[in-house]
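Working notes for the structure below.
Chain letters run A, B, ... following the sequence lines, proteins first, then strands; residues in each count from 1.
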Protein chains: 2
Amino acid sequence: MSVTIKDVAKKAGVSPSTVSRVISKHPRISKETVERVTRVMEELGYHPNSLAKGLVSKATRILGVILPRPAEELFQNYFFHEVLRGLLAQANRSDYDILIASGTSESDELETVKRLVRGRRVDGVILLSSKMKDPLIAFLNESRFPFVIIGRSQDFPDVPTVDNDNVQAACDATRHLINQGHVRIGFVSGPRELTVSQDRLAGYRKALQEAGLEVSEDWIVEGEFLQETGYRAMSVLMSLPERPTALVVIDDIVAYGVMHGLNELGYSVPQDICLVGFNNLPMSEHTSPPLTSVDIGAYQIGYMTAQTLIKVIAKEPLHQNRILIPHRLVVRGSSVK
Amino acid sequence: MSVTIKDVAKKAGVSPSTVSRVISKHPRISKETVERVTRVMEELGYHPNSLAKGLVSKATRILGVILPRPAEELFQNYFFHEVLRGLLAQANRSDYDILIASGTSESDELETVKRLVRGRRVDGVILLSSKMKDPLIAFLNESRFPFVIIGRSQDFPDVPTVDNDNVQAACDATRHLINQGHVRIGFVSGPRELTVSQDRLAGYRKALQEAGLEVSEDWIVEGEFLQETGYRAMSVLMSLPERPTALVVIDDIVAYGVMHGLNELGYSVPQDICLVGFNNLPMSEHTSPPLTSVDIGAYQIGYMTAQTLIKVIAKEPLHQNRILIPHRLVVRGSSVK
DNA sequence: TCCCTCCGTGCAATCGTTACCACAACGAAT
DNA sequence: ATTCGTTGTGGTAACGATTGCACGGAGGGA
């Protein structure tokens, strides 16, 4: 049996109510009582039962994170890790814990969220998803349950989201290459259906158009968030009659594949081809040459998401629904000759 | 207001007790009642309040995962991710959720665990740690609270742990190199104070001794779980008068650094130097040459840990305290000429 | 026909905490 | 001296579920 508020009350010679008031720092408790009760609590190693507390206060102080389903998970590795660190940091600062959940199928996922929400297991939900999870969003929206999406949701414009400006990020990356004198710039994309792919592609197009440069559809190759994609894309692009001299690549991991392939074919980076990636993976500092990359601030995304969700839970007003985390172009050897 | 057991009871024309019994599949409830109540529950979208349920049953159906502190976190990236996937999979199968927590300092960490344990926020705890967390272990042991350690704990031989046999894994890796005809084999280690480093080093030594080969202390280099370590270790080893022809490297990420360095100096893998790494990171398949690596089954570690903890919580007997997950040597181009 | 058993269900206490209301004690104002 | 407001504290009813006990009714054996 663990020690309850009654045990503390008995030992301190007061009523449970008084102990409760000491815990919640009620103003009208005498200094001596506060001291005595506090001492007893420490002596007994008392910690309030979160279940009982939650039952009456209708709050668990737990934030639920819904992970992407396994299939999409692979490329999320580093991104997810950083986001989670940010979430944890901010949640802990505000005395929240993090519960993670995932479903194996779409309906399963919805069931899980329903259980968490209706069963009052969490106070708010974070949707960490690459693909759109419309049924989930619809459910949460309808239930008026606090939630925040990491990423974008085109179908529900008024739910709070935390994201980075992928259009601008890709635009900056492309401009950087243009400023280095490139005029034939290619793009290696992820799956088209992902908004992250769409947005980065749009930013790439925007930068080229602004500079009055040609956009050749031949120079745009689609794939997965895998090294193979980079490898394949590279061989496609390098066999073109008029091939690009620089590439914007959807993710560093894909860029590694490109570098690997170029290496094998005897091309050298940055002399023959310049590269810019995304996500600034730790390893990008140590490739040869080091990879220029757009750091999208995954940690800060997590941090801001937790902060935003906590605000929503507290019913504090948000001055903006769509929060954008600033990115940072980290220029390294792969893009400057 | 959310829908409670009373709402269901009223609408179904029964008492709350009956509804509760339907939920817990009590045998002595008539078939018709079960059907009617079940239907009403679905109509109303009822999900039992986990707080109230937990309060009376004294169980939360939540497993707490204590993460390593930030400083140690870096190298854990992929390993952690895989372990978490395994934990989630098994936890979900048994209707448990996963709560993750971390502390910023050691005392903070202990405070967090105390809060989770004493406050009955979780039913059991998983210690995911590289460094030993003795105060935590001591506290949990003393509280007789269900917990499982991922990794090893030399100071508390009778707490359940899930781990891989790092000694055997390193031994296998080293033997593989010996079988390839190498006699001068080096070892690039992680921090000495980590048991994983110690164990792998021991396995390396064991294999060499069994083969009657010399172990030169010059061939053992210590570092971090970073590419730089590999890079530095490589330059140290290659400048020795009598240098090794093969290396066992504590982690794939470090091996990448070694490969990078060898490349720069004009050496080639596997012709000049053969390499074996650990953890079988996804990228190891795509390096040039692909990296031979010991897959330690991180996913299974997570899976088995959750399974074990759930058994401990249910007070089921464990037939063994120390569970070893089998490893698998994945031979690729970096170790065969 | 009576009694016993078993089935299906309801009642009420309980889990540990919070929050509202009440109330005693005391000093200050009338 | 009476009234009033303030301060510090206790009593008690929730919160939403579970569970042991009780009880009415049906069925079977004597």
Side-chain angles (χ1 to χ4, degrees), chain A residues 1-38 40-41 44-62 95 114-123, chain B residues 1-38 40-41 44-62 95 114-123:
Chain A
M1 272 303 289
S2 75
V3 35
T4 77
I5 208 171
K6 286 181 191 169
D7 302 325
V8 176
K10 195 173 290 176
K11 185 158 183 195
V14 293
S15 77
S17 326
T18 302
V19 177
S20 171
R21 278 188 268 254
V22 170
I23 294 168
S24 54
K25 300 202 200 309
H26 188 104
R28 289 226 289 255
I29 294 286
S30 76
K31 209 175 165 192
E32 306 90 67
T33 309
V34 171
E35 273 172 23
R36 187 154 32 93
V37 170
T38 309
V40 173
M41 288 199 301
L44 262 45
Y46 169 78
H47 283 254
N49 182 312
S50 60
L51 262 12
K53 197 169 187 165
L55 184 56
V56 41
S57 68
K58 292 179 175 312
T60 56
R61 296 206 82 84
I62 297 181
D95 288 322
K114 279 189 180 170
R115 184 175 55 78
L116 295 181
V117 169
R118 294 261 171 80
R120 290 277 176 275
R121 184 149 260 215
V122 297
D123 291 346
Chain B
M1 272 305 291
S2 78
V3 34
T4 76
I5 207 170
K6 286 182 193 169
D7 302 325
V8 177
K10 195 173 290 176
K11 186 159 184 195
V14 293
S15 77
S17 330
T18 303
V19 177
S20 170
R21 280 187 264 253
V22 169
I23 295 168
S24 53
K25 301 202 199 309
H26 188 105
R28 291 225 285 257
I29 295 286
S30 76
K31 210 178 166 190
E32 306 89 68
T33 309
V34 170
E35 273 172 23
R36 187 155 33 95
V37 170
T38 309
V40 172
M41 288 199 300
L44 262 43
Y46 169 78
H47 284 253
N49 182 312
S50 59
L51 263 11
K53 196 169 188 166
L55 184 56
V56 41
S57 68
K58 292 183 176 310
T60 57
R61 297 205 82 84
I62 296 181
D95 289 321
K114 278 189 180 171
R115 184 175 55 79
L116 295 180
V117 168
R118 295 261 170 81
R120 289 278 175 273
R121 183 148 259 217
V122 297
D123 291 347

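Under a 3.5 Å cut-off, the side chain of B:Arg21 and the backbone N or O of B:Ile29 do not form any donor-acceptor pair. Between the A:Arg61 side chain and the A:Asp95 main chain, a donor and an acceptor come within less than 3.5 Å of each other. A donor-acceptor pair under 3.5 Å links the side-chain atoms of B:Ser57 to the main chain of B:Lys53, judged by distance alone. Put simply, the side chain of A:Thr38 gets close to the backbone of A:Val34: a donor and an acceptor are under 3.5 Å apart. Here the side chain of B:Arg120 pairs no donor or acceptor atom with the backbone of A:Asn49 at under 3.5 angstrom.
B:Ser15 and B:Thr18 share a donor-acceptor pair across their side chains, judged by distance under 3.5 Å alone.
Between A:Arg118 atom CZ and D:dG16 atom P there is a gap of 15 Å when expressed in whole angstrom units. Rounded to an integer number of Å, the gap from CG of A:Asn49 to C1' of D:dA17 is 14 Å. Between B:His47 atom NE2 and D:dA17 atom P the separation is 12 Å, expressed in whole Å. Taking atom NZ of residue A:Lys53 and atom P of nucleotide D:dG16, one finds them 18 Å apart after rounding to whole Å. In this structure, the CZ atom of A:Arg120 is 22 Å from the P atom of C:dT17, given to the nearest Å. Between the NZ atom of B:Lys10 and the C1' atom of D:dG16 there is a distance of 14 Å, rounded to whole Å. Across the protein-nucleic acid pair, A:Arg28 atom CZ and C:dC21 atom C1' stand 12 Å apart, rounded to whole Å. Nucleotide D:dG10 holds its P atom 12 Å from the CD1 atom of A:Ile5, rounded to whole Å.
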Grab the N/O contacts between the protein and nucleotides 10-14 of chain C below 3.5 Å, and write none if there aren't any.
unit_1: C:dG10; atom_1: OP2; unit_2: B:Ser15; atom_2: N; d: 2.8
unit_1: C:dG10; atom_1: OP2; unit_2: B:Ser15; atom_2: OG; d: 2.9
unit_1: C:dG10; atom_1: OP2; unit_2: B:Thr18; atom_2: OG1; d: 2.5
unit_1: C:dG10; atom_1: N7; unit_2: B:Arg21; atom_2: NH2; d: 2.8
unit_1: C:dG10; atom_1: O6; unit_2: B:Arg21; atom_2: NH1; d: 3.4
unit_1: C:dG10; atom_1: O6; unit_2: B:Arg21; atom_2: NH2; d: 3.0
unit_1: C:dC11; atom_1: N4; unit_2: B:Ser17; atom_2: OG; d: 2.7

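Of all the heavy atoms in A:Val37 and A:Ala12, the pair that sits closest is CG2-CB, 4.1 Å. In plain terms, the two heavy atoms of B:Val3 and B:Val8 that are nearest each other are CG2-CG2, 4.3 Å. In terms of heavy-atom proximity, A:Ala52 sits nearest to B:Leu55 at CB-CD1, 3.7 Å.
The side-chain contact (heavy atoms from CB on, under 4.5 Å) search around B:Val56 returns none, not counting sequence neighbours.
For the helix from C:dT1-D:dA30 to C:dT30-D:dA1, the end axes, each set by the C1' atoms of five terminal pairs, are bent relative to each other by 60° (nearest 10°).
Of the listed nucleotides (C:dT9, C:dT17, D:dT9), C:dT17 has the atom at the smallest distance from the side chain of A:Tyr46. Comparing D:dA17, C:dG16, D:dT9 by their nearest atom to the side chain of A:Thr33 picks out D:dT9. Relative to the side chain of B:Leu55, the nucleotides C:dC15, D:dT18, C:dT9 differ in distance, and C:dC15 lies closest.
When each of B:Ala52 and B:Lys31 is assigned the nucleotide of DNA chain C with its nearest heavy atom, B:Lys31 is the one assigned upstream, toward the 5' end. Toward the 5′ end of DNA chain D lies the nearest nucleotide of A:His26, the other residue of the pair A:His26 and B:Pro48 mapping further downstream.
Residue A:Lys58 has a polar side-chain atom (N or O) positioned under 4.0 Å from OP1 or OP2 of D:dG16. Phosphate proximity of C:dC15 to A:Thr4: absent, as no side-chain N or O sits under 4.0 Å from OP1 or OP2.
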